[in-house]
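Below is one structure, written out as structure tokens; comments come after it.
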There are 2 protein chains.
Amino acid sequence: MSSKTSRAALMQELEEAMRRSSAQGVMYGQAVANVAGISNSDMDCMDFLNLEGRVTAGRLAEVTGLTTGAITGVIDRLEKAGYVRRERDESDRRKVFISVVEEKAAEIGKFYVPMQAAMHKLWSGYTDEELRLLLRFANDGYKGVLEATEALKGVIDTPPEKRVPLKSPKSRR
Amino acid sequence: MSSKTSRAALMQELEEAMRRSSAQGVMYGQAVANVAGISNSDMDCMDFLNLEGRVTAGRLAEVTGLTTGAITGVIDRLEKAGYVRRERDESDRRKVFISVVEEKAAEIGKFYVPMQAAMHKLWSGYTDEELRLLLRFANDGYKGVLEATEALKGVIDTPPEKRVPLKSPKSRR
DNA sequence: GCTATATATCTTAGTCACTAAGATTATTAG
DNA sequence: CTAATAATCTTAGTGACTAAGATATATAGC
């Protein structure tokens with residue numbers, strides 16, 4: 001961490017620091033799902049719904065990587081818990097739109113308060129200039145990870161014998 | 001993203017950008033587990049083992065938040081696949097140390113190559129000065145998220161029987 | 001040295017979320 | 001009107017999880 005570290009060592013440190021903090025971020029998300037009493041996949045869907053507002057069941061399957069059958073289960077659970085509503089599309093009655101029940105979904109929001117507080121506290125120690133650099137980095141980083149995820153698919157040489165489901169079932173209770 | 005965004009708006013943007021990129025990072029990890037043919041929990045344990053080198057089964061349960069019974073299953077699968085070895089502690093024969101089989105574990109490493117390449121490409125666009133700022137931020141951020149995870153436990157108001165053990169915020173290394 | 005208790009891991013039974021395949025219902029094309 | 005297509009749901013089977021308890025070993029008190 002000395003300010004004289006070589007660039008290579010700096011990158012090494014950066015890599016580890018980012019891995020560590022992102023791993024901890026994942027844990028926070030899991031902790032939120034746990035205290036909210038819903039599974040990780042359900043939480044992923046809620047996150048996406050909060051961004052998009054109103055999407056079809058098929059689209060949820062697409063973005064989560066789950067099968068449509070699994071999504072039916074996700075929606076069943078979320079609907080039963082009161083977080084979302086099913087709404088049939090009147091113009092194409094095969095489609096089912098899922099929309100967030102705001103009042104109920106807001107209950108989950110409070111679990112993110114500690115995280116937001118920590119972030120704001122953290123950011124207060126940085127200048128606008130520095131925050132802009134961080135923003136640029138986060139945006140560039142997003143693109144980089146996106147590319148890497150694509151590239152990873154080209155690396156696949158493992159026999160497709162046994163591919164494990166993308167989402168780990170994190171059952172509660 | 002204009003350079004004269006107000007500080008509040010800047011923070012808002014930063015929050016979203018970081019959420020997006022970290023979510024994509026999670027997906028990358030899942031994709032790696034998927035192509036490697038092992039489950040997410042198994043991958044979590046491999047990550048931890050790669051940092052620590054050699055830990056007991058109980059410690060793995062502790063850091064992953066899984067029960068010892070579940071860990072037995074994790075180790076069974078990893079051992080069968082050749083990634084780890086069980087080694088009974090000679091001085092306390094109740095304990096079972098789990099150690100990584102380096103040659104085999106290295107096979108997983110190659111799935112991180114696209115990610116590392118993307119990161120190095122990304123970083124090459126930044127000065128040493130800027131990278132040091134990013135490092136400081138990543139380290140501060142880690143601490144912040146750690147605190148937030150702790151604080152989250154204080155927000156809990158859901159009935160305890162609906163909850164599941166939180167992953168402990170342990171210090172990786 | 002014995003006995004009780006504590007510690008570390010493994011086993012068992014039951015549960016839940018997942019996949020794959022196919023059923024159901026609605027739309028569109030010929 | 002029929003066939004093909006599309007979107008969601010249903011079913012059967014599987015894998016990973018938890019809770020509780022079994023097993024094996026270690027430590028402390030007498």
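Below, read A as the first sequence line, B as the second, and so on, with proteins coming before strands; counting in each chain starts at 1. What you see is a predicted model; the values in this text were computed from it and never measured.
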Spacing between [X] atom [atom1] and [N] atom [atom2], to the nearest angstrom:
X	N	atom1	atom2	value
B:Ile75	C:dA8	CD1	P	14 Å
A:Glu87	D:dA7	CD	P	18 Å
B:Arg77	D:dT14	CZ	C1'	13 Å
B:Asp42	D:dA16	CG	C1'	9 Å
A:Ile98	D:dA7	CD1	P	14 Å
B:Leu60	D:dC17	CG	P	12 Å
A:Arg88	C:dT27	CZ	P	9 Å
A:Phe97	D:dA7	CZ	C1'	12 Å

Parallel, tilted or perpendicular, as decided by the 30° and 60° cut-offs, for the rings of B:Tyr112 and B:Tyr28: tilted
Working for salt bridge (Lys or Arg N to Asp or Glu O under 4.0 Å), residues A:Asp76 and A:Arg86: CA-CA 9 Å; A:Asp76 285 350; A:Arg86 275 183 166 90; 2.9 Å; yes
Check: A:Ser39/A:Asp42 side-chain N/O donor and acceptor closer than 3.5 Å: yes
Phosphate OP1/OP2 of C:dA8: any B:Thr56 side-chain N/O under 4.0 Å: no
Distance below 4.0 Å between B:Arg93 side-chain N/O and C:dT7 OP1 or OP2: no
Give the nucleotide from the list [options] with an atom nearest to the side chain of [X].
X	options	answer
B:Ala70	D:dT18, C:dT27, D:dT25	D:dT18
B:Asp92	D:dA26, C:dA26, C:dT11	D:dA26
B:Ser39	D:dT8, C:dC10, D:dA16	D:dA16

Considering all heavy atoms, the nearest A:Leu49-A:Ile98 contact: CD2-O, 3.6 Å
A:Ser41 (side chain) and C:dC18 (base): donor-acceptor pair under 3.5 Å: no
Distance-only donor-acceptor test, B:Thr68 side-chain atoms vs C:dC10 base atoms, 3.5 Å: yes
Sugar-phosphate only, base, or nothing, as touched by B:Ala57 at under 4.0 Å among non-hydrogen atoms: sugar-phosphate
Sugar-phosphate only, base, or nothing, as touched by A:Arg86 at under 4.0 Å among non-hydrogen atoms: sugar-phosphate
Residue whose closest nucleotide on DNA chain C lies nearer the 5' end, B:Lys95 versus A:Arg94: B:Lys95
5' priority, DNA chain C, between A:Glu90 and B:Gly58 [closest heavy atom]: B:Gly58
Within 6.0 angstrom of A:Arg136 CZ, more than 12 heavy atoms from elsewhere: yes
